[in-house]
Amino acid sequence: MPVHAEPEPVQHYRRRPDRPFLAEERSRTTILFGNLTPKHDALIEAVFRGNGYLCQALPLPTRACYDIGKEFCNNGLCNPNYYTAGNLIQYLRQLKREGWSTEDIIDRFLYFSIGGCGPCRFGMYESEYKLALENAGFPGFRVLTFQSNRVIREGSNQPGLAYTVNFGLGMLNALNFGDILFEMAYRIRPYEVEPGATDRAMEEATRILAEHLAGQGFYEPFQPPRKGRLGSTLSILLKICHHLAGREWRRALEQARDVLNQVEVDWLRVKPLVKATGEFYSAISEGDANHNLYRFLESEGAEVLVDPIGNLVRYWIHQARGHNRRRKGLSGWSRKKEWTLAFAEWFWGWQYRRTARLLGGLAHDLEDQDELEKLAEPYYDPLTRGGEAHLLVGRGLVVARHRAAHLYLSVKPFGCMPSTQADAVLFMLAAREPDLTFLPLETLGEGEVHALSRVQMALGEARRKAVTEFEEELRRQRVTRQQVEQWVARHPEARRPFYPFRRKGGPAGTAAQFVRHVAAQVRRES
């Protein structure tokens, strides 16, 4: 009889367990994070510190970070991975130059970031960070990620990260404050009379809001805290009221608003409005990671309309609602989940709108996710996963059909698959929609000159649109530029950032909108 060899036992791969972040380590472990805008980073750092954590926001990544990331990461990754991994390694190397040993760095620091999954390379970031850190001489350095669609659950897996009510509400405020300041900076700075005044005011406003957030981490409505289910529920409700509508919250927003309102502006500068969107990291970066794109646009005479993070958060919630309905219908537990998600989506937008109003009312409301879905659905399945999915198509149609911008710019890192799919649809729509001027842009690390030259060419057409629109508005309103200037001279309040003159619809350009408003005032006064 044939002799059968005993099969060798199968040795399945098991990832080496990561060292956890324990509660007793909080007092001696510094949490590193970053790679949002400097405003967001400063506000988030204030929340961490206000809740008792040692925390340090990383500086803006530079082209040198990209080169470091290319050296230690795998080939073929997208730019955000190279920039963020390189930025972390560069910071750890700086610690070594300051006298820290490798062992102490690994023991006393950790990196906190967002994670995800899906059909793009974003799901590989955590493993790529760890590989790059090991290659750079920091084996075992802790990288903590939370899944974008399971924030609380993932965060709770780390005993050292306590997702308290104060912490969660502080983070909600930090994201909203940062988003609103991020947009307002680009709406005010192109029109400032004194160069640099907006940046100085933004720094002071950010400081005021960060100080407020840092002082809210241990707020308790009852001393000592009440126990039991009723006491706990009442405590949570009072904390929500305090963080999101309390006297200190309002005072901080009003102080920041008053600082920003001191900037003198000239709304009659005719500038093309550029709607800038795309892959999240490339679209929110304010440094080398997107070739300093927004400052470049401003230097070329444009006004930039940026995307707040809140739009992406509400998109995640909206997409979760869609997948819930498609997979499970609307019965029993699934219906309760639908109601919970719908409330979360509504509440985020409502709170954002209230916050923006107290900060001057200049920032746009967050996007209507139902409208974007309906606009994009004939061209892009709203439940297609990855990146910003149908958002780019929906935003492009909003720009075209509402004449909301003179140029629609989609920026993405090299080889971003979801953005490339959306770009293909947008090229088709640009051929059908006469009011959509569309430019896709890849922020390849070595391609800065080529990318910015393409932006310059596209701005030529956008600039002509803005000038034509402004001149047509003067003729339509039967006023001259001199008459508008004379009215402004009599009304100095019109030279402040929060002077209310914008209306939905009508011309896209700020100067043309201002002409329409002033013409109505002139007729009313005559």
Side-chain angles (χ1 to χ4, degrees), residues 21 26-62 64-66 68-69 80-98 100 105 108-115 125-126 129 133 138 141-146 148 151 155 158 160-161 163 167-168 170-182 185 199 202-217 256 280-290 292 306 308-310:
F21 175 39
R26 288 179 196 161
S27 62
R28 62 180 182 85
T29 302
T30 299
I31 298 173
L32 304 177
F33 79 100
N35 301 307
L36 299 178
T37 73
K39 301 174 185 64
H40 287 91
D41 286 349
L43 295 166
I44 292 172
E45 181 179 321
V47 174
F48 269 112
R49 292 184 180 276
N51 282 267
Y53 297 96
L54 300 177
C55 182
Q56 178 62 55
L58 297 176
L60 277 176
T62 63
C65 298
Y66 172 83
I68 294 172
N81 202 155
Y82 292 137
Y83 275 105
T84 55
N87 195 23
L88 175 59
I89 292 171
Q90 180 172 263
Y91 184 83
L92 300 184
R93 285 177 165 179
Q94 178 61 35
L95 291 177
K96 289 194 70 173
R97 286 191 289 270
E98 293 173 1
W100 287 80
I105 291 174
R108 302 287 292 274
F109 293 84
L110 59 85
Y111 183 61
F112 184 68
S113 183
I114 189 172
Y125 276 24
E126 180 182 359
Y129 287 144
L133 288 162
F138 300 97
F141 187 90
R142 286 172 290 179
V143 177
L144 308 184
T145 61
F146 61 89
S148 57
V151 176
Q158 296 294 332
L161 282 174
Y163 276 42
F167 182 82
M171 283 297 178
L172 172 59
N173 273 330
L175 288 176
N176 281 343
F177 293 170
D179 278 349
I180 295 164
L181 293 177
F182 179 47
D199 288 340
M202 281 291 166
E203 288 179 5
E204 177 63 14
T206 303
R207 184 194 63 79
I208 291 170
L209 296 176
E211 285 187 357
H212 164 72
L213 293 175
Q216 306 303 309
F280 170 73
Y281 181 74
S282 299
I284 202 171
S285 294
E286 294 188 288
D288 290 353
N290 67 358
N292 293 281
V306 294
I309 297 174

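Owing to the predicted nature of the structure, the values given are computational and were not obtained by experimental measurement. For this chain, numbers begin at 1 and follow the sequence in order. Worth knowing before you read on, the calculation uses all heavy atoms, side chains too, and leaves out hydrogens, waters and symmetry mates.
Considering every non-hydrogen atom in both Thr29 and Leu54, the closest pair reads O-CB, 3.5 Å. Closest of all the heavy-atom pairs between Lys96 and Ile105 is CG-CD1, 3.4 Å. Counting all heavy atoms, side chain and backbone alike, Leu36 lies closest to Phe280 at CD2-CZ, 3.8 Å. Taking all atoms of both residues into account, the shortest heavy-atom contact from Pro38 to Glu286 is CD-OE1, 3.2 Å. When all heavy atoms are compared, the tightest approach of Leu43 to Ala210 is CD2-N, 3.6 Å. Pairing each heavy atom of Lys39 with each of Thr206, the nearest pair is CG-OG1, 4.0 Å.
Ring pair Tyr163/Phe167 is tilted by interplanar angle, where 30° to 60° counts as tilted. The aromatic rings of Phe112 and Phe48 sit perpendicular, their planes meeting at an angle over 60°, well past the 30° parallel limit. The aromatic rings of Tyr66 and Tyr82 sit perpendicular, their planes meeting at an angle over 60°, well past the 30° parallel limit. Using the six-membered ring where Trp is involved, Phe21 and Tyr53 have ring planes that are tilted, between 30° and 60° apart.
When atom types are taken as modelled, the side chain of Tyr83 and the backbone of Asp288 share a donor-acceptor pair closer than 3.5 angstrom. Checked by atom type and distance alone, the side chain of Asn51 pairs as donor or acceptor with a backbone atom of Val47 at under 3.5 Å. Of the possible donor and acceptor atoms, none in the side chain of His40 sits under 3.5 Å from a partner among the backbone N and O of Ala174. In this structure, Asp179 contributes its side chain and Gly310 its backbone to a donor-acceptor pair below 3.5 Å. Put simply, the side chain of Asn290 never gets that close to the backbone of Ala283: no donor and acceptor are under 3.5 Å apart. Within the 3.5 Å criterion, the main-chain N or O of Arg108 finds no donor-acceptor partner in the side chain of Arg28.
Side-chain N/O atoms of Gln94 and Glu98 include a donor and acceptor closer than 3.5 Å.
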Self-check item: Working for side-chain contact (heavy atoms from CB on, under 4.5 Å), residues Gln216 and Asn173
Solution: CA-CA 11 Å; Gln216 306 303 309; Asn173 273 330; over 6 Å; no
Quiz item: How far apart are the C-alpha atoms of Ile309 and Phe182, what are their side-chain angles, what is the distance that settles it, and do they pass the side-chain contact (heavy atoms from CB on, under 4.5 Å) test?
Solution: CA-CA 10 Å; Ile309 297 174; Phe182 179 47; over 6 Å; no
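You'll find the side chain of Asp41 stays beyond 4.5 Å of the side chain of Thr37, heavy atoms only. The shortest distance between side-chain heavy atoms of Leu95 and Tyr91 falls below 4.5 Å. No side-chain heavy atom of Leu92 sits under 4.5 Å from any side-chain heavy atom of Ile89. For the pair Asn87 and Pro59, the minimum side-chain heavy-atom distance is below 4.5 Å. Looking at heavy atoms from C-beta onward, Pro308 lies out of side-chain contact with Ile180 at the 4.5 angstrom threshold.
One distance of note links CZ of Arg142 with CG of Leu32; it measures 10.5 Å at 0.5 Å rounding. Within the model, atoms CE of Met171 and CG of Asn176 stand 13.0 Å from one another, a figure rounded to the nearest 0.5 Å. Taking CD1 of Ile31 as the reference point, atom CZ of Arg49 lies at 10.0 Å (rounded to 0.5 Å). Remark: Ser113 OG to Asn35 CG distance equals 7.0 Å, nearest 0.5 Å. Note that CG of Leu144 and OH of Tyr111 are 11.0 Å apart. Values are rounded to the nearest 0.5 Å. Note that the CG atom of Leu213 and the CD atom of Glu45 stand 12.0 Å from one another [nearest 0.5 Å].
Comment: Arg207 engages Glu211 in a salt bridge, judged by a side-chain N to carboxylate O separation of less than 4.0 angstrom.
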